[in-house]
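Everything below concerns the one structure shown next.
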Amino acid sequence: MANTNFSSNKFVKYFREVSVVVIGVAITLFASYRLGINNEKRDMTLYLNTVKMELEENIKILDTARLKLQISVNYSQYLWTHDKDALDED
(Lines give C-alpha, C1' and ligand atoms only; values in the text may rest on other atoms or scores of the structure.)
Protein backbone atom coordinates (compact mmCIF):
# COMPACT_ATOMS: atom_id res chain seq x y z
CA MET A 1 0.00 0.00 0.00
CA ALA A 2 2.87 2.33 0.69
CA ASN A 3 4.15 1.69 -2.82
CA THR A 4 0.93 2.89 -4.52
CA ASN A 5 0.85 5.99 -2.33
CA PHE A 6 4.44 6.74 -3.32
CA SER A 7 3.59 6.18 -7.00
CA SER A 8 0.53 8.40 -6.71
CA ASN A 9 2.55 11.21 -5.06
CA LYS A 10 5.19 10.90 -7.76
CA PHE A 11 2.53 11.19 -10.49
CA VAL A 12 0.94 14.26 -8.84
CA LYS A 13 4.33 15.93 -8.49
CA TYR A 14 5.20 15.16 -12.13
CA PHE A 15 1.78 16.39 -13.31
CA ARG A 16 2.17 19.61 -11.31
CA GLU A 17 5.62 20.31 -12.81
CA VAL A 18 4.42 19.62 -16.36
CA SER A 19 1.38 21.85 -15.79
CA VAL A 20 3.59 24.73 -14.66
CA VAL A 21 5.78 24.36 -17.75
CA VAL A 22 2.79 24.16 -20.11
CA ILE A 23 1.16 27.21 -18.52
CA GLY A 24 4.46 29.12 -18.72
CA VAL A 25 4.86 28.29 -22.41
CA ALA A 26 1.24 29.27 -23.12
CA ILE A 27 1.69 32.62 -21.36
CA THR A 28 4.91 33.24 -23.26
CA LEU A 29 3.30 32.43 -26.61
CA PHE A 30 0.31 34.65 -25.86
CA ALA A 31 2.52 37.56 -24.78
CA SER A 32 4.64 37.16 -27.90
CA TYR A 33 1.53 37.14 -30.08
CA ARG A 34 0.14 40.29 -28.43
CA LEU A 35 3.48 42.10 -28.72
CA GLY A 36 3.66 41.12 -32.38
CA ILE A 37 0.20 42.53 -33.07
CA ASN A 38 1.02 45.77 -31.24
CA ASN A 39 4.30 46.12 -33.14
CA GLU A 40 2.53 45.54 -36.46
CA LYS A 41 -0.08 48.19 -35.64
CA ARG A 42 2.62 50.66 -34.63
CA ASP A 43 4.66 49.96 -37.76
CA MET A 44 1.58 50.29 -39.97
CA THR A 45 0.75 53.64 -38.39
CA LEU A 46 4.30 54.86 -38.97
CA TYR A 47 4.27 53.69 -42.60
CA LEU A 48 0.91 55.32 -43.27
CA ASN A 49 2.04 58.59 -41.70
CA THR A 50 5.19 58.52 -43.84
CA VAL A 51 3.14 57.92 -46.99
CA LYS A 52 0.75 60.73 -46.03
CA MET A 53 3.61 63.19 -45.47
CA GLU A 54 5.20 62.20 -48.79
CA LEU A 55 1.90 62.65 -50.63
CA GLU A 56 1.42 66.08 -49.06
CA GLU A 57 4.94 67.08 -50.14
CA ASN A 58 4.26 65.79 -53.65
CA ILE A 59 1.06 67.87 -53.80
CA LYS A 60 3.05 70.98 -52.89
CA ILE A 61 5.64 70.22 -55.59
CA LEU A 62 2.95 69.54 -58.20
CA ASP A 63 1.04 72.72 -57.31
CA THR A 64 4.22 74.76 -57.71
CA ALA A 65 4.94 73.13 -61.08
CA ARG A 66 1.33 73.65 -62.18
CA LEU A 67 1.48 77.35 -61.34
CA LYS A 68 4.72 77.75 -63.29
CA LEU A 69 3.31 75.90 -66.29
CA GLN A 70 0.02 77.80 -66.17
CA ILE A 71 1.84 80.91 -67.44
CA SER A 72 2.98 79.01 -70.54
CA VAL A 73 -0.49 77.56 -71.06
CA ASN A 74 -2.06 81.01 -70.84
CA TYR A 75 0.42 82.42 -73.34
CA SER A 76 -0.17 79.48 -75.67
CA GLN A 77 -3.93 80.06 -75.51
CA TYR A 78 -3.38 83.74 -76.21
CA LEU A 79 -1.36 82.89 -79.31
CA TRP A 80 -4.01 80.47 -80.59
CA THR A 81 -6.88 82.90 -80.13
CA HIS A 82 -5.29 85.89 -81.90
CA ASP A 83 -4.53 86.55 -85.53
CA LYS A 84 -1.05 85.35 -86.49
CA ASP A 85 -0.41 88.25 -88.84
CA ALA A 86 -1.15 90.79 -86.11
CA LEU A 87 1.11 88.91 -83.73
CA ASP A 88 4.04 89.08 -86.16
CA GLU A 89 3.92 92.85 -85.97
CA ASP A 90 4.41 92.68 -82.22
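What you see is a predicted model; the values in this text were computed from it and never measured. What's counted below: heavy atoms across the whole structure, side chains too, no hydrogens, waters or symmetry copies.
Following chains of ILVMFWY side-chain contacts shorter than 4.5 Å, one can reach Tyr14 starting from Val22, so the two form part of one hydrophobic cluster.
Note that CG of Leu67 and CG of Leu62 are 11.0 Å apart. Values are rounded to the nearest 0.5 Å. Between the CG atom in Asn74 and the CG atom in Leu79 there is a gap of 11.0 Å [rounded to 0.5 Å]. Atoms CD and CE, from Glu57 and Met53 in turn, are 9.5 Å apart once rounded to the nearest 0.5 Å.
For CZ of Arg42, the number of neighbouring non-hydrogen atoms (other residues, nucleotides, ligands) closer than 6.0 Å is greater than 12. Heavy atoms of other residues, nucleotides or ligands lying less than 6.0 angstrom from CD of Glu54 number 12 at most.
The aromatic rings of Tyr33 and Phe30 lie tilted to each other, with the angle between the two planes from 30° to 60°.
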Using the side chain to side chain contact (heavy atoms under 4.5 Å, CB included) rule, take Glu40 and Met44 through it: C-alpha gap first, then chi angles, then the decisive distance, then the call.
-> CA-CA 6 Å; Glu40 285 180 16; Met44 186 62 68; over 6 Å; no
Is there a side chain to side chain contact (heavy atoms under 4.5 Å, CB included) between Asp63 and Arg66 once you walk through the steps?
-> CA-CA 5 Å; Asp63 282 342; Arg66 183 186 56 83; 4.0 Å; yes
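Exactly one of Thr45, Asp43, Thr50 qualifies for a side-chain contact (heavy atoms from CB on, under 4.5 Å) with Tyr47. That residue is Asp43.
Under the 3.5 Å distance criterion, the side-chain polar atoms of Ser32 are left unmatched by any main-chain donor or acceptor of Thr28.
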